[in-house]
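Order of appearance sets the numbers: ligands from 1, and atoms from 1 within every ligand.
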Amino acid sequence: MIELKTPKEIEEMKPAGRFVGGILRDLKEFTKVGTNLLEIDEFVHKRIVDRKGAESCYVDYAPDFGTGPFAHYICISVNDAVLHGVPFDYNLKDGDLVSLDLAINVDGWVADSAISFVVGEHKDPEDLRLIKCTEEALEAGIAAAQPGNRLGDVSAAVGDVAREYGYPINLEFGGHGVGRIMHGDPHVPNDGRAHHGYKLRSGLVIAIEPWFLKTTDEIYQDPKDGWTLKSSDGSRGAHSEHTIAITDNGPVILTVRDK
Ligand code: MG
């Protein structure tokens, strides 16, 4: 069921959004060549512990697309991993492409956001192009999230950017409604038909999350951890996500990352 929030509820969701956005901003600074993925996880754990009213959405989360309860505070997907990456004992290397996906509940409201970046000196231009594509697709999706438009307009805007860049699109995982829980209705696919689908209205809060792989739309679940989704051909992936609220004045990004 799709739930709409009142303007007051959208205001109440903003602290969660700023908290998640601020952690991702700080993690982009913190994460360098040599940083261990478990240190990143611990960084998030500490921030949650220090914040009254904050609770991880990931710890003990056990949806049907994962294997058993998730046991970490953040998803970290490196190189050919793109979604649901389980942090493990690994020191990042020069040129690694890192995707961080973070959802936290603050005072009963969830915010969900993701960023991708390359660590170190040797950044492959092809990796930067892939990241830029997900960021532009996210911007285009947000711009289309206007009251009166259709959900398909958001999906088509995202998909059009991927097509412009020439990246394949996977439709199994995409954006979703956000509110009291992390994954609510509606599903927001990363491609669709403009002017079709659910009519967007003020009060709808959704995560829009373009993620693309360079040369395939096929993924598989890493049997080592039962969660991490990797590209079937070993090509790298990137992911950009914001939680946004649709208001009478247009879309508002809740997971802002400014100081
Ligand atoms: Mg999400």
Side-chain angles (χ1 to χ4, degrees), residues 2-3 5 10 13-14 16-25 27 41 44 48 54-66 70 72-77 81-87 98-106 109-117 131 134-135 137-142 144-145 151 154-155 157-159 162 169-192 198 204-213 219 221 227-229 237-246 251-257:
I2 295 174
E3 283 173 14
K5 278 81 180 171
I10 290 172
M13 293 185 77
K14 287 184 176 175
R18 280 194 295 268
F19 186 57
V20 167
I23 293 175
L24 287 180
R25 179 195 65 222
L27 278 176
D41 192 45
V44 178
I48 291 174
E55 245 177 64
S56 171
C57 293
Y58 291 161
V59 172
D60 290 336
Y61 189 49
D64 54 11
F65 54 79
F70 200 81
H72 293 272
Y73 295 87
I74 186 166
C75 291
I76 311 175
S77 304
V82 67
L83 295 177
H84 310 160
V86 179
V98 184
S99 300
L100 303 176
D101 191 354
L102 182 62
I104 300 174
N105 183 317
V106 178
W109 293 106
V110 171
D112 188 0
S113 186
I115 47 168
S116 287
F117 52 90
I131 293 169
T134 64
E135 291 171 349
L138 176 57
E139 270 174 42
I142 293 171
L151 198 60
V154 174
S155 296
V158 168
I169 304 164
N170 171 297
L171 294 176
E172 288 166 81
F173 293 94
H176 47 89
V178 179
R180 295 289 184 190
I181 58 164
M182 172 168 55
H183 289 137
D185 291 329
H187 175 57
V188 186
N190 284 328
D191 198 13
Y198 178 77
L204 183 68
V205 177
I206 50 174
I208 302 175
E209 49 178 316
W211 63 274
F212 307 120
L213 301 161
I219 45 175
Q221 190 177 65
W227 278 91
T228 306
L229 296 177
H239 183 198
S240 293
E241 176 180 18
H242 271 307
T243 298
I244 65 145
I246 295 172
V252 173
I253 297 174
L254 299 180
T255 40
V256 281
R257 296 174 194 146

For a quick check under 3.5 Å, do Ser240 and Thr134 share a side-chain donor-acceptor pair by atom type?
yes

How about the Mg ion (ligand 1), which protein N, O or S atoms come within less than 2.8 Å?
Asp112 OD2, His176 NE2, Glu209 OE2, Glu241 OE2

Could you tell me whether the side chain of Asn105 and the main chain of Ile181 form a donor-acceptor pair under 3.5 Å?
no

Checking His176 side chain against Met182 main chain: does a donor-acceptor pair fall under 3.5 Å?
yes

Does the side chain of Glu172 come within less than 4.5 Å of Phe65's, by heavy atoms?
no

Any donor-acceptor pair under 3.5 Å linking the side-chain atoms of Ser116 with those of His239?
no

The single option from Asp112, Ile74, Val20 passing side-chain contact (heavy atoms from CB on, under 4.5 Å) against Ile104:
Val20

